[in-house]
Undergrad: 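Structure incoming, see below.
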Protein chains: 2
Amino acid sequence: MRISGLAHASGVAVATIKYYLREGLLHAGVATSATQATYDDSHLRRLRLIRALTGPVGLSVQQARTILALVDDPGDDLYATLGRAVGALPPSTDAAAAGDPDPYPHARAALEALGQVYDPRFPAVAQLEAALAAAEDAGLPISPERLLAYGRSLRELAAYDLERMPAEPRAAVEYTVLGTALYEPVVLALRRLAHQDVAARLDLGR
Amino acid sequence: MRISGLAHASGVAVATIKYYLREGLLHAGVATSATQATYDDSHLRRLRLIRALTGPVGLSVQQARTILALVDDPGDDLYATLGRAVGALPPSTDAAAAGDPDPYPHARAALEALGQVYDPRFPAVAQLEAALAAAEDAGLPISPERLLAYGRSLRELAAYDLERMPAEPRAAVEYTVLGTALYEPVVLALRRLAHQDVAARLDLGR
DNA sequence: ATGATTGGATAGCGATACTCTCTAATACTA
DNA sequence: TAGTATTAGAGAGTATCGCTATCCAATCAT
């Protein structure tokens with residue numbers, strides 16, 4: 001399959017494919033001459049993954065490159081790889097100052113209340129702190145009770161996800177990294193729909 | 001308070017405040033002369049809300065304007081307003097073709113399995129369909145069982161949210177619209193942290 | 001009186017994600 | 001085998017976004 005065939009099969013413009021090649025998101029085809037190369041199913045699959053990440057997941061090309069690099073070449077430490085993947089996912093937050101003894105007090109309190117690991121090096125901790133601060137700044141602070149309720153429900157989800165994790169380490173990393181990124185839009189949509197459902201029932205009761 | 005005071009109190013640059021004024025995100029101050037106006041707490045609060053929406057929530061100025069307009073002037077129909085708000089939130093998806101008899105089959109099946117309202121006009125339905133399609137395209141399809149598990153956990157969350165909804169309709173709209181937007185990053189961060197927690201325990205067990 | 005500040009308008013900037021153009025080499029097509 | 005189409009590769013161009021900077025005349029603070 002040549003580049004135009006790949007473009008046709010994937011629905012991505014030739015120029016865009018060349019752009020992804022240049023940006024290192026897509027591996028080069030097998031060169032058959034100075035001006036030709038052939039592409040196969042692996043390119044098609046990769047292209048679909050790229051479009052999923054840059055489209056519905058909403059990653060920039062830069063962020064997608066980071067995630068894809070982790071999928072291509074994960075370490076053997078699932079915990080560390082997951083941390084790096086989450087760090088590449090939006091919303092990106094700056095790390096706290098090095099000297100701060102307690103940089104993420106709200107997040108720490110929430111995780112302790114939930115009985116979960118608190119590791120200030122983990123990007124999601126900074127993300128949680130930023131999100132809590134934003135809600136508070138906007139005048140809708142999140143109570144500890146609510147955090148507890150959220151945390152418990154979401155822990156159920158996470159447990160479900162991890163139970164289904166493949167046994168093989170490489171597959172496990174891919175599953176975890178991509179599952180984090182790809183399933184988030186699903187989670188958000190379902191939450192919105194649950195709100196809609198409850199709201200509809202309330203309206204009916206008026 | 002003049003514009004420089006507002007800039008100082010909010011931490012937003014004067015030029016940026018002017019930009020928000022121009023873009024209609026922030027209401028004008030009370031003009032005291034041709035070249036002066038005073039701003040008050042309502043401007044400060046609004047500015048904080050704008051920064052929360054354009055920052056951690058990740059909205060564009062355009063999307064924030066839509067959300068803010070709904071908060072300022074909601075209809076009295078909570079359901080409809082919530083729908084419009086969700087439609088303004090990313091990821092934005094195009095509506096299906098008008099003539100399609102069953103435009104969102106996966107989403108419909110999921111919602112029916114969950115016993116929830118299915119309304120194809122609701123933007124979150126299209127978002128769910130797009131998210132499911134993206135996961136599938138990327139090679140990590142979401143099974144009906146998983147959707148059911150997700151849906152149930154998230155419905156708990158939504159029920160918790162709606163129980164705490166203010167009784168007064170105007171406040172209810174603000175709570176629902178802003179709660180949808182502002183709490184999403186919290187939900188995502190907590191999910192990521194729950195994954196981290198479970199992964200950490202698995203690693204320990206190795 | 002004088003220097004700083006303001007509202008209002010316009011222009012510029014840096015990043016992002018493509019998209020277009022070009023060239024020379026090569027590959028199908030009649 | 002002549003002619004047309006396609007390709008790789010690289011660079012430049014484009015549109016949008018979210019500011020940011022500059023300018024002006026009016027006005028304020030001292």
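Heavy-atom basis, side chains included; hydrogens, waters and symmetry copies ignored. Residue numbers start from 1 in every chain, and the chains themselves are labelled A, B, ... in the order their sequence lines are given, proteins ahead of strands.
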Undergrad: Between C:dA17 atom P and A:Ile17 atom CD1, what is the distance in whole Å?
TA: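 Taking CD1 of A:Ile17 and P of C:dA17, I get 17 Å after rounding.
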
Undergrad: Would you kindly say whether B:His43 and B:Ser10 are connected by a side-chain donor-acceptor distance under 3.5 Å?
TA: no

Undergrad: Between the side-chain atoms of A:Lys18 and the base atoms of D:dA10, is any donor-acceptor pair under 3.5 Å?
TA: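 By the distance-only test, no, there is no pair.
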
Undergrad: Report the residue (B:Leu59 or B:Ser33) whose heavy-atom-nearest nucleotide on DNA chain D is the more 5′ of the two.
TA: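 Whichever sits nearer the 5' end wins; that is B:Leu59.
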
Undergrad: Any base atoms under 4.0 Å from B:Ser60, or only sugar-phosphate, or nothing? Heavy atoms, all strands.
TA: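 Sugar-phosphate: the residue B:Ser60, judged by heavy atoms under 4.0 Å, touches backbone atoms but no base.
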
Undergrad: For B:Thr54, answer base if it contacts any base atom (sugar-phosphate contacts may also be present), sugar-phosphate if it contacts only those atoms, and nothing otherwise; contact means non-hydrogen atoms under 4.0 Å.
TA: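 It contacts nothing in the nucleic acid.
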
Undergrad: Would you indicate what A:Arg2 reaches in the nucleic acid, counting non-hydrogen atoms under 4.0 angstrom: base, sugar-phosphate, or nothing?
TA: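 Sugar-phosphate contact only - A:Arg2 comes under 4.0 Å of backbone atoms but never of a base.
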
Undergrad: Could you state the CD-P distance from A:Gln36 to D:dT7, rounded to the nearest angstrom?
TA: 7 Å

Undergrad: Side-chain N or O of B:Tyr20 less than 4.0 angstrom from OP1 or OP2 on D:dG18?
TA: no

Undergrad: Send over the distance from A:His8 NE2 to D:dT6 P, rounded to a whole Å.
TA: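 Taking NE2 of A:His8 and P of D:dT6, I get 13 Å after rounding.
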
Undergrad: At 4.0 Å (heavy atoms only), tell me whether A:Ala13 reaches a base, stays on the sugar-phosphate, or touches nothing.
TA: nothing

Undergrad: Give the rounded distance in Å between these two atoms: CD of B:Gln62 and P of D:dA15.
TA: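 Atom-to-atom, B:Gln62 to D:dA15, this comes out as 19 Å.
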
Undergrad: Name the nucleic acid region contacted by A:Ala34, choosing base, sugar-phosphate or nothing; use a 4.0 angstrom heavy-atom cut-off, strictly under.
TA: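 Answer is sugar-phosphate: A:Ala34 comes under 4.0 Å of backbone atoms only.
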
Undergrad: May I ask you to verify if any side-chain N or O of B:Tyr19 is less than 4.0 angstrom from the OP1 or OP2 atom of C:dA11?
TA: no

Undergrad: In whole Å, I'd like the distance from the CG atom of A:Leu47 to the P atom of C:dC18.
TA: 11 Å

Undergrad: Among A:Asp40, A:Ile17, A:Val12, which residue meets the side chain to side chain contact (heavy atoms under 4.5 Å, CB included) test with A:Leu6?
TA: A:Ile17

Undergrad: Would you say D:dG18 has OP1 or OP2 under 4.0 Å from some side-chain N or O of B:Thr16?
TA: no

Undergrad: Measure the distance from CD on A:Glu23 to P on D:dA8 and round it to the nearest whole Å.
TA: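 Going from CD in A:Glu23 over to P in D:dA8 covers 17 Å.
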
Undergrad: Side chains of B:Glu136 and B:Ile142: closer than 4.5 Å at any heavy-atom pair?
TA: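 They are not in contact (no side-chain heavy atoms under 4.5 Å apart), so the answer is no.
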
Undergrad: Identify whether any heavy atom of A:Ala15 sits under 4.0 Å from a base atom; if not, whether one sits that close to sugar-phosphate; answer base, sugar-phosphate or nothing.
TA: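 Contact class for A:Ala15: base.
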
Undergrad: Determine yes or no for a side-chain-to-main-chain donor-acceptor pair under 3.5 angstrom, with B:Tyr160 supplying the side chain and A:Arg146 the backbone.
TA: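 The answer is yes, because a donor-acceptor pair under 3.5 Å joins these two groups.
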
Undergrad: Hey, which sits more toward the 5' end of DNA chain C by its nearest nucleotide, B:Arg22 or B:Ile3?
TA: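 Result: B:Ile3.
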
Undergrad: Quickly work out the A:Leu53 CG to C:dT16 P distance and round it to whole Å.
TA: 17 Å

Undergrad: Less than 4.5 Å apart, any side-chain heavy atom of A:Leu157 and any of B:His195?
TA: no

